[in-house]
Trainee: 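Got a structure here, written out as structure tokens. Questions coming.
Note that the numbering runs from 1 along the sequence shown for the chain. On a predicted model such as this, the values are computed, not experimentally measured, just so you know. When a ligand or atom number is given, it counts from 1 through the structure's own listing order.
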Amino acid sequence: MEEPRRMCGIVGYVGQKQAEPELIDGLRRLEYRGYDSAGLAVISENRLEIRKRAGRLSELTEFLRQHPVKGTIGISHTRWATHGPATHKNAHPHLGGKTGRPMVAIVHNGVIENYAVLRRQLQDDGIVFQSDTDSEVIAQLIAYHLKGDLVDAVRKALALIKGTYGLAIISPDHPHLLIGARLGSPLVLGIGDGENYLASDPTALIGKTEKVVYIQDHQLCILTADSWQVLDQNQSEVEASVHSLDWDVGDTDKGAFEHYMLKEIYEQPEALENAMRGRLVDADASALFGGLNLDPQQLRRAERLILTGCGTSYHAALVGEYLFEEFARMPVEVEYASEFRYRNPPIERTTIVMAITQSGETADTLAALRESKRKGHPTLALCNVVGSSVARESDGGVYLRAGPEIGVASTKAFTSQVMVLAMLALYFGRMRHLSALQGAQMIRELRRMPDVLRQTLHCHDAVRELAEKYYQANNFLYLGRQYLFPVALEGALKLKEISYIHAEGYPAAEMKHGPIALVDANTPSVFLMPRSAVFDKVMSNLEEIKARGGPTIAIACEGDEEVATIADDVIYVPEVPDYLQPLVVILPLQLLAYHIALKRGCDVDKPRNLAKSVTVE
Ligand code: AGP
């Protein structure tokens, strides 16, 4: 059966050390990309040694304990599939050439659209396939064309392929060569001393090397232990720029925390400090960004902004809409990237399109960005991963500087995105209507936020108790207004994705137009209601739920005793201005999702059916 789509982790190694531990180390860092199966191929005494297992990486490491492999060059893979069985035979690596003495091993991230035709042609030539995958066609094609020159065979095979790929390739006939190729799926080369790496994601290379080259579409790279080379479509060598990777190993360890998600929740105060560092300018009462790459005229002329992203990044964009409208007085539209890429709305040339993405590799967001560029719009990116596809392809942008986010449920990326959007709103505002006094006031408030978040985290114990009380509920409502409506959506998304509980985020007042029918004694409603201009209105909504017997949980401002007399449970957070409430209120919601998931025995960092970055459509 077809096994068409995947978003996988790839690691390749060539050097003096044993490849197996290097590959497994890298895969551990990438397991969050997919965890349906894992495998590796190592060249050992001029033969390919393959080890693969369906299931988590731990299945493979256990198997390797009993059946270790020796060799100093190898490739490896961890897989995520949207459909098609996660079986042993479909796990990567895939082999090309005669059964018994394969000539080529590949690992692949992407989709080969014309694989059925190619497979039939190869089968007509007597080639026997071992798996149901589209990827195997690549291995068989390379083997078919391999007449001495591996690079040439790779090139000939790729010329026949339609689709997307990030590839790592080895052949026992060329036991010192590791080849990488990219079209549409990320690939990065890591430069070491007497050793070189390939990976689908720079996270796999942290602690191995600080020097990386981001491979571009249609490029090939050729690695030996002592050399590396990047070639373009015409086989000409490319002068590739070497970037530095400034994340360290500590960033990818769980440290004292039981899960990455919890560690990343606790990293949020520091992430906000990093996002602000050097970007707030008292003298101008404004913000300053090094990489916007649009001239002041272009920025000033912009009459509209379109913010686009997926999932949590989309929710941050919704907060951005309120921020830009309030502080920059600019019309803003927020679009799901997956919808925007196929719409063709009339948009003035002066509209700036801003792509918001933690990974910078989300296929829909990248496609929305490319479509906007095609139509001549200035594009900006808000990305966390340095050198990612969205970061490279946009005209300019701002890095979040949140450090690696490993937990599949996005936490610190959300608060960092909101912080960067607030600073951008200040920047655009100061170019337009915002007074120096208002700008200075905003800077003061933004600078307080890391400490405010530290203080907010003191709600942890109270949230844990709340989780004890409600973890058996099968439905939740999250209700908020204005700046807190996107936070209601984000709180519901967190609960859904890690605890598998159905949750809906809704504008609090809109709830009576339908969702109120869901309310019963087993459906808790979480009201986001720190003091704000709409506090009284939200309080009325809470009363409406109470009147219908629904349990009510309020996230309220410290010292708000009135709320405590009405809601069944209250979690207190520090008081901040309305526009900064998303940064504060999301913390207890992240913690609530975390503790409910733990109580329900869910795998918090690797929730079922999900992958950290969705690099397919
Ligand atoms: C968030 O918790 C999710 N796992 C998911 O919605 C994520 O935010 C989305 O896939 C977008 O990812 P990006 O920010 O890397 O583009």
Trainee: Atoms of ligand 1 less than 4.0 Å from Ala409 heavy atoms?
Mentor: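 Close to Ala409: 2 (O).
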Trainee: Any salt bridge between Lys375 and Glu371, counting N to O under 4.0 Å?
Mentor: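 Salt bridge flag = yes for Glu371 with Lys375.
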Trainee: Just need the protein heavy atom nearest to atom 3 (C) of ligand 1, so name the residue and atom and give the distance.
Mentor: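 For atom 3 (C) of ligand 1, the nearest protein heavy atom comes out as Glu497 OE1, 3.4 Å.
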Trainee: For atom 16 (O) of ligand 1, grab the closest protein heavy atom and report residue, atom and distance to one decimal in Å.
Mentor: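 So the nearest neighbour among protein heavy atoms is Thr362 OG1, 2.4 Å.
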Trainee: Please report which non-hydrogen protein atom sits nearest to atom 7 (C) of ligand 1, along with the residue it belongs to and the distance in Å to one decimal place.
Mentor: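 For atom 7 (C) of ligand 1, the nearest protein heavy atom comes out as Thr312 N, 4.1 Å.
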Trainee: For ligand 1, which atoms, with element, lie under 4.0 Å from some heavy atom of Gln358?
Mentor: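 With Gln358 as reference, the close atoms of ligand 1 come out as 13 (P), 14 (O), 15 (O), 16 (O).
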Trainee: Within the 4.0 Å heavy-atom shell around Ser410, which atoms of ligand 1 are there?
Mentor: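 Contacts of ligand 1 toward Ser410, numbered from 1: 1 (C), 2 (O).
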Trainee: Compare Gly309, Ser359, Gly311 and give the one whose heavy atom is closest to atom 15 (O) of ligand 1.
Mentor: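 Looking at heavy atoms only, Ser359 sits closest to atom 15 (O) of ligand 1.
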Trainee: Nearest protein heavy atom to atom 11 (C) of ligand 1, by residue and atom, and its distance?
Mentor: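 Looking only at protein heavy atoms, the one closest to atom 11 (C) of ligand 1 is Cys310 O, 3.3 Å.
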Trainee: Below 4.0 Å from any atom of ligand 1, is there a heavy atom belonging to Glu361?
Mentor: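 Distance cut 4.0 Å: Glu361 fails for ligand 1.
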Trainee: Specify the protein heavy atom at minimum distance from atom 10 (O) of ligand 1: its residue, its atom name, and the distance to 0.1 Å.
Mentor: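 The answer is Val614 CG2, 4.1 Å.
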Trainee: Just which atoms of ligand 1 are under 4.0 Å from any heavy atom in Lys494?
Mentor: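 The atoms of ligand 1 under 4.0 Å from a heavy atom of Lys494 are 1 (C), 2 (O).
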Trainee: Is the ring pair Phe476/Tyr470 parallel, tilted or perpendicular, if the boundaries are 30 and 60 degrees?
Mentor: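 Perpendicular, since the angle between the ring planes exceeds 60°.
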Trainee: Do Tyr427 and Arg279 touch side chain to side chain, with heavy atoms closer than 4.5 Å?
Mentor: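 Side chain of Tyr427 against side chain of Arg279, heavy atoms only: no contact under 4.5 Å found.
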Trainee: Please name the residue in the list Glu264, Gln268, Glu267, Gln590 that meets the side-chain hydrogen bond (donor to acceptor under 3.5 Å, both in side chains) test with Lys412.
Mentor: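 The option that passes is Glu267.
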Trainee: Taking atom types as modelled, find out whether Gln581 and Gln482 have a side-chain donor-acceptor pair closer than 3.5 angstrom.
Mentor: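 Result is no, nothing qualifies.
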Trainee: Where does the angle between the aromatic ring planes of Tyr579 and Phe327 fall among parallel (under 30°), tilted (30 to 60°) and perpendicular (over 60°)?
Mentor: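 If you compare the ring of Tyr579 with that of Phe327, the planes turn out perpendicular.
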Trainee: Tell me if the CD atom of Gln216 is crowded by more than 12 foreign heavy atoms within 6.0 Å.
Mentor: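 Yes - once you tally the heavy atoms of other residues, nucleotides and ligands closer than 6.0 Å, there are more than 12.
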Trainee: Take atom NZ in Lys211; do more than 12 heavy atoms of anything else shown fall under 6.0 Å from it?
Mentor: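 No, not enclosed.
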